[in-house]
**Student:** 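After the structure tokens below, expect a handful of questions from me.
This chain uses plain numbering: 1 for the first residue, then up along the sequence.
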Amino acid sequence: MPSETAGQLPRQRHVLCMKWGTKYGPDYVNRLYAMVRRHLTGDFSFVCLTDDAKGIRSEVKCFPIPPLDLELAPGQPDRAWKKLTTFEADLHGLRGTALFVDLDVVVVGSLDAFFEQPGEFLIIHDYERPWRRRRITGNSSVYRFELGAHPDVLAHFRQNMDAVQAEYRNEQAYLSDYMHRQGKLAYWPEAWCPSFKYHGIPTWPTNYWREPFVPEGARIMVFHGECNPPDALAGRRNRRFRFIRPARWITSFWKA
């Protein structure tokens with residue numbers, strides 16, 4: 001990001017998260033705030049967009065999730081389209097730079113560089129699979145943007161909901177492609193946001209005697225797919241025949 005000119009006030013920094021439904025309770029928000037506070041120097045505001053603010057600690061500013069007017073059919077999976085509301089032209093009057101972070105992550109290193117890395121829109125480059133070449137798609141567990149700078153992302157979705165959902169599997173695929181076509185898409189350095197599933201679990205058969213680990217250079221461990229932090233801490237995965245030992249290091253970071 002450009003440095004501030006002499007005499008100019010530094011830009012406001014905001015860390016955003018979002019909580020809806022019952023999958024994640026207020027403890028996830030409270031732990032995330034605590035992790036960010038320990039790993040981000042200087043002033044910032046911590047904002048939670050939520051449909052239920054009960055139990056969330058007082059240091060967190062809670063606002064309603066802007067309406068998306070998207071109705072899911074019975075049995076239709078929630079593809080996190082609500083995240084696109086972070087791109088409102090006026091998000092509850094907030095101004096400055098926003099770093100969006102999912103609730104089910106573990107912060108393991110300094111976050112300062114996430115506000116310093118050059119780029120208009122930054123996101124995790126979604127993880128390469130052995131059976132699939134890497135695509136432009138980003139993983140929206142961690143992304144950064146200027147508040148109010150990209151209202152067209154949301155406006156286009158609202159005007160073309162059916163077509164967008166037919167073309168893109170989820171919000172991060174749409175968001176990445178939209179920003180890419182505008183020449184605004186950039187990725188975090190690869191080491192910063194590793195996947196617990198792909199990068200933190202020892203390869204078979206060493207996973208039976210080696211504990212999961214934090215890869216070198218990691219700042220935010222991303223949990224997706226098979227387990228969240230409590231599962232990993234207990235040594236659980238939600239797929240059969242996928243053994244892991246308890247990731248005891250999580251207790252050092254994932255605490256309020």
Side-chain angles (χ1 to χ4, degrees), residues 12-37 44-105 107 114 121-124 138-165 168-176 178-179 220 222-224 228-229 256:
Q12 289 181 293
R13 300 184 304 168
H14 308 274
V15 177
L16 304 184
C17 68
M18 189 175 287
K19 182 181 81 70
W20 71 89
T22 58
K23 183 176 181 179
Y24 300 110
D27 56 312
Y28 276 83
V29 180
N30 296 338
R31 290 173 189 268
L32 181 59
Y33 168 81
M35 289 188 289
V36 171
R37 179 66 281 177
F44 66 92
S45 71
F46 191 98
V47 175
C48 181
L49 303 175
T50 184
D51 58 2
D52 184 0
K54 292 193 299 290
I56 295 177
R57 59 195 299 168
S58 60
E59 298 95 331
V60 177
K61 299 178 181 179
C62 293
F63 297 105
I65 300 172
L68 192 58
D69 299 324
L70 173 64
E71 294 185 5
L72 298 177
Q76 181 181 354
D78 188 337
R79 300 296 187 184
W81 297 104
K82 289 184 180 68
K83 285 187 183 180
L84 297 177
T85 62
T86 59
F87 296 98
E88 285 277 12
D90 184 358
L91 185 63
H92 298 293
L94 299 172
R95 291 290 180 268
T97 306
L99 179 69
F100 183 94
V101 183
D102 268 352
L103 293 177
D104 57 344
V105 305
V107 181
F114 285 92
F121 174 80
L122 290 119
I123 195 170
I124 301 170
N139 181 305
S140 63
S141 293
V142 184
Y143 60 90
R144 194 198 76 205
F145 63 103
E146 291 297 304
L147 288 156
H150 310 285
D152 49 317
V153 172
L154 179 57
H156 181 265
F157 176 76
R158 282 178 167 147
Q159 294 164 9
N160 304 275
M161 283 188 183
D162 292 340
V164 170
Q165 291 181 89
Y168 300 98
R169 181 176 181 271
N170 51 32
E171 118 288 338
Q172 64 188 20
Y174 162 69
L175 177 59
S176 303
Y178 193 94
M179 290 297 192
I220 299 177
V222 176
F223 289 76
H224 58 103
N228 59 25

**Student:** Can you name the salt bridge (charged side-chain N to carboxylate O under 4.0 Å, His left out) partners of Arg169, sequence neighbours left out?
**Tutor:** none
**Student:** For residues 17-31, pull every pair meeting salt bridge (Lys or Arg N to Asp or Glu O under 4.0 Å), keeping only residues two or more places apart or in separate chains.
**Tutor:**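 Of all non-adjacent pairs touching residues 17-31, none passes salt bridge (Lys or Arg N to Asp or Glu O under 4.0 Å).
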**Student:** Among residues at least two apart in sequence or on other chains, which ones pass side chain to side chain contact (heavy atoms under 4.5 Å, CB included) with Ala53?
**Tutor:**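 Side chain to side chain contact (heavy atoms under 4.5 Å, CB included) list for Ala53, sorted by chain: Thr50, Cys62.
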**Student:** Relative to the ring of Phe100, is the ring of Tyr143 parallel (under 30°), tilted (30 to 60°) or perpendicular (over 60°)?
**Tutor:** parallel
**Student:** For Arg57, check side chain to side chain donor-acceptor pair (under 3.5 Å) against everything at least two apart and list the hits.
**Tutor:**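 With sequence neighbours excluded, Arg57 shows a side chain to side chain donor-acceptor pair (under 3.5 Å) to Glu59, given in chain and number order.
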**Student:** Return the set of residues passing side chain to side chain donor-acceptor pair (under 3.5 Å) with Ser176 (not counting sequence neighbours), or none when no residue passes.
**Tutor:**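 Side chain to side chain donor-acceptor pair (under 3.5 Å) list for Ser176, sorted by chain: empty.
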**Student:** Can you list everything that forms a ring pair (Phe, Tyr, Trp, His ring centres under 6.0 Å) with His150? Sequence neighbours excluded, please.
**Tutor:**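 Ring pair (Phe, Tyr, Trp, His ring centres under 6.0 Å) list for His150, sorted by chain: empty.
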**Student:** For the residue pair Val142 and Asp102, establish whether any side-chain heavy-atom pair is separated by less than 4.5 Å.
**Tutor:**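 Side-chain contact under 4.5 Å: no.
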**Student:** Quick one: list whatever passes ring pair (Phe, Tyr, Trp, His ring centres under 6.0 Å) with Tyr178, sequence neighbours left out.
**Tutor:** His156, Tyr174
**Student:** Between Lys83 and Ser140, is there a side-chain donor-acceptor contact under 3.5 Å, judged purely by atom types and distance?
**Tutor:**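 Result is yes, a qualifying pair exists.
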**Student:** Suppose we screen for side chain to side chain donor-acceptor pair (under 3.5 Å). Which residues come up paired with Asn30, at least two apart in sequence or across chains?
**Tutor:** none
**Student:** Please name all residues satisfying salt bridge (charged side-chain N to carboxylate O under 4.0 Å, His left out) with Arg37, sequence neighbours left out, ordered by chain then number.
**Tutor:**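 Counting only residues at least two positions away or on another chain, Arg37 forms no salt bridge (charged side-chain N to carboxylate O under 4.0 Å, His left out).
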**Student:** Examine distances only and state if a side-chain atom of Asn139 and a backbone atom of Ser141 form a donor-acceptor pair shorter than 3.5 Å.
**Tutor:**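 Yes; judged by distance alone, with no hydrogens or angles, the pair exists.
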**Student:** Apply salt bridge (charged side-chain N to carboxylate O under 4.0 Å, His left out) to Glu171 and list each qualifying residue two or more places apart in sequence or on a separate chain.
**Tutor:**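 By the salt bridge (charged side-chain N to carboxylate O under 4.0 Å, His left out) rule, Glu171 matches no residue at all.
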**Student:** Using side chain to side chain donor-acceptor pair (under 3.5 Å) as the criterion, list what pairs up with Thr85, not counting sequence neighbours.
**Tutor:** none
**Student:** Apply salt bridge (charged side-chain N to carboxylate O under 4.0 Å, His left out) to Asp51 and list each qualifying residue two or more places apart in sequence or on a separate chain.
**Tutor:**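 Expected list: none.
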